[in-house]
Amino acid sequence: MKRCSWAGPDEIYVRYHDTEWGVPQRDGRALWEQLTLEGFQSGLSWITILKKRENFRAAFANFDPKIIAMWGNREIERLLNNDGIVRHRGKIEATINNARRWIEIENTQGFSDYIWSFVDFEPIINRPENMTGVAAKTEIATNLAKDLKKRGFKFCGPTTVYAFMQASGLVCDHLIDCPCHPDNQIR
């Protein structure tokens with residue numbers, strides 16, 4: 001068996017593929033972190049974000065939405081001057097906004113329950129034979145993206161949301177011959 005081709009030879013990608021990508025995540029804060037990082041990835045390669053992830057965590061108070069929700073212009077300027085992260089004003093402002101939206105959902109139903117309700121609380125297990133069999137977005141991702149937008153979230157389009165769903169294990173898109181696919185029971 002061989003792992004999914006997108007993982008390539010880079011050790012950071014291999015480790016991410018083997019230990020994180022597609023593993024069901026049920027922690028609401030960790031889900032929000034992943035959604036946020038997927039938003040920052042938009043227009044860039046995921047390996048860029050992986051290589052900067054620890055810098056993001058340091059710059060964004062370990063993605064604690066309760067802290068970030070209180071931020072304003074001073075913190076935005078600080079982040080715009082931090083060359084360890086992706087310095088995009090719109091994405092930084094969206095993160096602060098989305099932290100406030102996260103709190104609203106967390107306080108009413110729990111962010112994890114909210115996210116997982118879109119897949120009936122169970123991962124969707126796909127069985128693609130090659131990368132052309134892996135969708136870029138789905139109807140469920142489109143519905144989740146629309147609902148997030150309705151709730152005021154930003155930088156959460158259907159493609160970003162589907163990548164988030166894959167990364168967080170709401171959807172398993174490991175190739176059928178990958179050792180990480182649940183059918184192969186390696187994990």
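Across Cys156 and Ala145, no two heavy atoms sit closer than the pair O-CB, 3.2 Å. Taking all atoms of both residues into account, the shortest heavy-atom contact from Ala7 to Tyr13 is O-CB, 3.1 Å. In terms of heavy-atom proximity, Ile68 sits nearest to Thr95 at CG2-O, 4.0 Å. Arg29 and Pro65 get closest at one heavy-atom pair: CG-CD, 3.8 Å. In terms of heavy atoms, Pro128 sits closest to His174 at CD-O, 3.6 Å. Between Phe40 and Leu44, the shortest heavy-atom distance links the atoms O-CD1, 3.6 Å.
Annotation: salt bridge (Lys or Arg N to Asp or Glu O under 4.0 Å) contacts involving residues 57-84, sequence neighbours excluded, comprise Glu33-Arg57, Glu54-Arg57, Glu77-Arg89.
When each of Ile115, Ile140, Ile124 is checked for a side-chain contact (heavy atoms from CB on, under 4.5 Å) with Leu170, only Ile115 meets the rule. Just one residue in the list Trp116, Phe121, Tyr114 forms a ring-ring contact (aromatic ring centres under 6.0 Å, His included) with Phe118, and that residue is Tyr114. The only option from Glu129, Met131, His181 that meets the side-chain contact (heavy atoms from CB on, under 4.5 Å) definition with Leu175 turns out to be Met131. Just one of Asp177, Asp173, Asp183 meets the salt bridge (Lys or Arg N to Asp or Glu O under 4.0 Å) condition when paired with Arg127; it is Asp183.
Between Glu11 and Arg15 there is a salt bridge, with a side-chain nitrogen of the basic residue lying less than 4.0 Å from a carboxylate oxygen of the acidic one.
Put simply, the side chain of Thr48 reaches to within 4.5 Å of the side chain of Lys52, judged on heavy atoms. Side-chain contact between Leu144 and Tyr162 is absent, with no heavy-atom pair separated by less than 4.5 Å. Considering only heavy atoms from C-beta on, Ser42 stays 4.5 Å or farther from His88 through its side chain. Using a 4.5 Å heavy-atom cutoff, the side chains of Glu38 and Trp46 are in contact. You'll find the side chain of Asn126 stays beyond 4.5 Å of the side chain of Val134, heavy atoms only. No side-chain heavy atom of Thr36 sits under 4.5 Å from any side-chain heavy atom of Phe56. No side-chain heavy atom of Val161 sits under 4.5 Å from any side-chain heavy atom of Phe153. Side-chain atoms of Leu50 and Glu20, non-hydrogen and from C-beta on, never get closer than 4.5 Å to each other.
Heavy atoms of other residues, nucleotides or ligands lying less than 6.0 angstrom from CE of Met70 number 12 at most. The neighbour count for Asn73 CG, taken as heavy atoms of other residues, nucleotides or ligands under 6.0 Å away, does not exceed 12.
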Does the pair Leu148 and Leu35 meet the rule for a side chain to side chain contact (heavy atoms under 4.5 Å, CB included), with working shown? CA-CA 11 Å; Leu148 286 165; Leu35 183 61; 4.2 Å; yes
Trace of the side chain to side chain contact (heavy atoms under 4.5 Å, CB included) decision for Arg53 with Ile12: CA-CA 11 Å; Arg53 184 162 59 170; Ile12 194 169; over 6 Å; no
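Aromatic ring orientation, Phe111 versus Trp102: tilted (interplanar angle from 30° to 60°).
Atom SG of residue Cys178 and atom CG of residue Asp18 lie 7.0 Å apart, to the nearest 0.5 angstrom. With rounding to the nearest 0.5 angstrom, the SG atom of Cys4 is 10.0 Å from the NZ atom of Lys2. Distance check, rounded to the nearest 0.5 Å: CD of Gln41 to CZ of Phe164 gives 14.0 Å. Within the model, atoms CG of Asn55 and CD1 of Ile49 stand 10.5 Å from one another, a figure rounded to the nearest 0.5 Å. Rounded to the nearest 0.5 Å, atoms CG (Asp113) and CZ (Arg26) are 9.0 Å apart. In this structure, CE in Met165 is found 12.5 Å from SG in Cys172, a value given to the nearest 0.5 Å.
With sequence neighbours excluded, the residues satisfying side-chain contact (heavy atoms from CB on, under 4.5 Å) with Asn82 are Ala59, Ile85. Residues satisfying the side chain to side chain donor-acceptor pair (under 3.5 Å) criterion with Asn98, sequence neighbours excluded, are absent altogether.
Panel note: side chain Asn143, backbone Lys146; no donor-acceptor pair is recorded below 3.5 Å. Asp120 places no side-chain N or O within donor-acceptor distance of the main-chain N or O of Glu122, the cut-off being under 3.5 Å.
Under the 6.0 Å cut-off for aromatic ring centres, Trp21 and Trp6 qualify, their centroids lying closer than that.
Linking Ile, Leu, Val, Met, Phe, Trp and Tyr whenever their side-chain heavy atoms come within less than 4.5 Å leaves Val23 and Ile176 in two separate clusters. Note on Ile92: it clusters hydrophobically with Ile67, by side-chain heavy-atom contacts below 4.5 Å among ILVMFWY residues.
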